[in-house]
Undergrad: 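Handing you this structure, nothing more for now.
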Amino acid sequence: MAPIARIFVPLSTAALLSACAAGIGEAERAAPPANAFAAELHKGYVELARAEEDENDFADARVFAGRAIAAAAGKPSPPESLGARKLPAAALPALAGARDRLTRVLEAGAAHGPATARQAARAQLGFDCWLQEQEENFQQADIEACRTGFETAMADIERRMTAAAPAIVPSSVMPVAPAAFAAAPPDTSSLETRFVVYFDFDRSAISAATAGELSRAAAAARRTGAVLVRVVGHADRAGSEEHNRALSRDRARAVASALRAVGLPDVGVAVLARGEDEPVVRTADGVRDARNRRVEIELTH
């Protein structure tokens, strides 16, 4: 059996490598589509496939190659589902929020806009890359690079879509006098008013990973004309009630300070501490849960 095992393992690896190379080769040979969104996805997924192949991650290389082929055929895949990967629990809230954010702009037409199509593709590439690296969860620099790519593209898309929104008027609507338009209050019904920042265990320090969420909250307060920002701190159930109350207060204060630093407009800020009283996930006393270690930011108009 030993000689057979020694032969079988290299042959299996060689077969896997050969199949992976064939998939990437097919993706590279595929003609880029005319559609800007699909073309950018095709190019980016080929690059991701090659990068994973260079790291001997042939399984993910095949996944990205398959997505490149689909994009070249004019049938781009949606952003990858969180359920498709085994992700660390602490990363799930940020990834779920990011996917919802990406899905919203795609559903709003970002992939078809001449000013947003390529950035929409880059946002999806950044998200899928972030998801894949987060599953591996050992190359922190790569995780941050993918997440930064996602955040940068998303910020540009949201800025462009927000700026373009007032110009989109149905043809059946009669023109409105400029003075009347200027006097009308902004329509905030479809804009985000709630944001969540997560924390490491027993910590109140703002991490680099939360910078994007804080910037989005401050930008939303400016866009929506918020008059009050409620910053509500929470903790999980590890530790005493007194400790968790103080910890949640420190977290809320840290977020309020960070919001000011990233450009929160001059509006009222209410800082509240709930301790372990209002968990997202109900656990037994003493249990750590990353989803409960959070600060919720709520915009009021």
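Counting from 1, the numbers follow the sequence of the chain as shown.
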Undergrad: Output all residues satisfying side-chain contact (heavy atoms from CB on, under 4.5 Å) with P78, sequence neighbours left out; order by chain, then residue number.
TA: none
Undergrad: Knowing that exactly one of N244, N292, T283 qualifies, which makes a side-chain hydrogen bond (donor to acceptor under 3.5 Å, both in side chains) with E276?
TA: N244
Undergrad: Test of understanding: clusters of I, L, V, M, F, W, Y form through side-chain heavy atoms closer than 4.5 Å, transitively. Do L264 and I206 belong to the same one?
TA: yes
Undergrad: Hydrophobic cluster mates of V281, side-chain heavy atoms under 4.5 angstrom, ILVMFWY only, any path?
TA: V280
Undergrad: Determine yes or no for a side-chain-to-main-chain donor-acceptor pair under 3.5 angstrom, with T152 supplying the side chain and G149 the backbone.
TA: no
Undergrad: Run the side-chain contact (heavy atoms from CB on, under 4.5 Å) test against T300 and tell me which residues pass, sequence neighbours left out.
TA: L228, R230
Undergrad: So does R288 have more than 12 non-hydrogen atoms from other groups sitting under 6.0 Å from CZ?
TA: no
Undergrad: Does some side-chain heavy atom of Q134 sit less than 4.5 Å from a side-chain heavy atom of P88?
TA: yes
Undergrad: With sequence neighbours left out, what residues match R85 under side-chain hydrogen bond (donor to acceptor under 3.5 Å, both in side chains)?
TA: D60, E80, E135
Undergrad: Under the ring pair (Phe, Tyr, Trp, His ring centres under 6.0 Å) test, which residues partner F64, sequence neighbours left out?
TA: none
Undergrad: Please check this pair: side chain of R274 against backbone of V232, looking for a donor-acceptor N/O pair closer than 3.5 Å.
TA: no
Undergrad: Kindly determine whether F150 and R101 satisfy side-chain contact (heavy atoms from CB on, under 4.5 Å), including the steps that lead there.
TA: CA-CA 11 Å; F150 166 80; R101 186 179 167 197; 4.2 Å; yes
Undergrad: Salt-bridge test for R216 and E213: reply yes if a basic N is under 4.0 Å from a carboxylate O, no otherwise.
TA: yes
Undergrad: Kindly state each residue pair satisfying ring pair (Phe, Tyr, Trp, His ring centres under 6.0 Å) with at least one member in residues 75-124, sequence neighbours excluded.
TA: none
Undergrad: Hey, could you give me each pair passing salt bridge (charged side-chain N to carboxylate O under 4.0 Å, His left out) that has a residue in residues 248-265? Not counting sequence neighbours.
TA: none
Undergrad: Could you tell me which residues satisfy side-chain contact (heavy atoms from CB on, under 4.5 Å) with A120, sequence neighbours excluded, listed by chain and number?
TA: F37, L106, A110, I157
Undergrad: Any sub-3.5 Å donor-acceptor pair from R237's side-chain atoms to P279's backbone N or O?
TA: no
Undergrad: Decide, yes or no, whether a salt bridge links E53 with R50 under the criterion of side-chain N to carboxylate O below 4.0 Å.
TA: yes
Undergrad: If the threshold is 4.0 Å, N to carboxylate O, is there a salt bridge linking D156 and R160?
TA: yes
Undergrad: Applying a strict under-4.5 Å side-chain criterion to I, L, V, M, F, W and Y, I'd like to know whether V269 and L299 cluster together.
TA: yes
Undergrad: Measure across A68 and V46 and return the closest heavy-atom pair with its distance rounded to 0.1 Å.
TA: CB-CG2, 3.7 Å
Undergrad: Sub-3.5 Å donor-acceptor pair from the side chain of D236 to the main-chain atoms of A290, do we have one?
TA: no
Undergrad: Hey, are the side chains of Q132 and D57 touching, using non-hydrogen atoms and a 4.5 Å cut-off?
TA: yes
Undergrad: Can you give me the closest heavy-atom contact between A49 and A65, atom names plus distance?
TA: CB-N, 3.8 Å
Undergrad: Quick one: side-chain contact (heavy atoms from CB on, under 4.5 Å) partners of E242, sequence neighbours excluded?
TA: S240
Undergrad: What is the distance from atom CG of L102 to atom CD of E107, rounded to the nearest 0.5 Å?
TA: 10.0 Å
Undergrad: Let's go through L48 and V63 carefully: what are the C-alpha distance in whole Å and the side-chain angles of both, what is the deciding distance for side-chain contact (heavy atoms from CB on, under 4.5 Å) to 0.1 Å, and is it a yes or a no?
TA: CA-CA 10 Å; L48 288 173; V63 169; over 6 Å; no
Undergrad: Could you go through residues 194-204 and list every donor-acceptor pair under 3.5 Å that involves a side-chain atom there, pairing it with any protein atom two or more places apart or in another chain?
TA:
residue: R194; atom: NH2; partner: E296; partner atom: OE2; Å: 2.8
residue: D202; atom: OD1; partner: H243; partner atom: NE2; Å: 2.6

Undergrad: Can you check whether R291 reaches H234 side chain to side chain, under 4.5 Å on heavy atoms?
TA: no
Undergrad: Using side-chain contact (heavy atoms from CB on, under 4.5 Å), reason through Q139 and E144 one step at a time and then give a plain yes or no.
TA: CA-CA 9 Å; Q139 293 175 304; E144 291 301 325; over 6 Å; no
Undergrad: For a quick test of reading the model, state the closest non-hydrogen atom pair linking A273 to S248 and the distance between them.
TA: CB-OG, 3.4 Å
Undergrad: Below 3.5 Å, can you tabulate the donor-acceptor pairs from side chains in residues 38-45 to any protein atom, sequence neighbours excluded?
TA:
residue: E40; atom: OE1; partner: R118; partner atom: NH1; Å: 3.0
residue: E40; atom: OE2; partner: R122; partner atom: NE; Å: 3.1
residue: H42; atom: NE2; partner: A27; partner atom: O; Å: 2.8
residue: Y45; atom: OH; partner: R67; partner atom: NH1; Å: 3.3
residue: Y45; atom: OH; partner: Q124; partner atom: NE2; Å: 3.1
residue: Y45; atom: OH; partner: D128; partner atom: OD2; Å: 2.6

Undergrad: Can you tell me how far the CG atom of D142 sits from the CD atom of Q140, to the nearest 0.5 Å?
TA: 9.5 Å
Undergrad: Quick one: closest heavy-atom pair of A256 and V271, and the distance?
TA: CB-CG2, 3.9 Å
Undergrad: Please report the closest heavy-atom contact between A72 and A30, naming both atoms and the distance.
TA: CB-CB, 3.5 Å
Undergrad: Among the clusters formed by ILVMFWY side chains lying less than 4.5 Å apart, do V229 and L272 turn up in the same one?
TA: no
Undergrad: Return the set of residues passing side-chain hydrogen bond (donor to acceptor under 3.5 Å, both in side chains) with E55 (not counting sequence neighbours), or none when no residue passes.
TA: none
Undergrad: When rounded to the nearest 0.5 angstrom, what is the spacing between CE in M161 and CE in M154?
TA: 9.0 Å
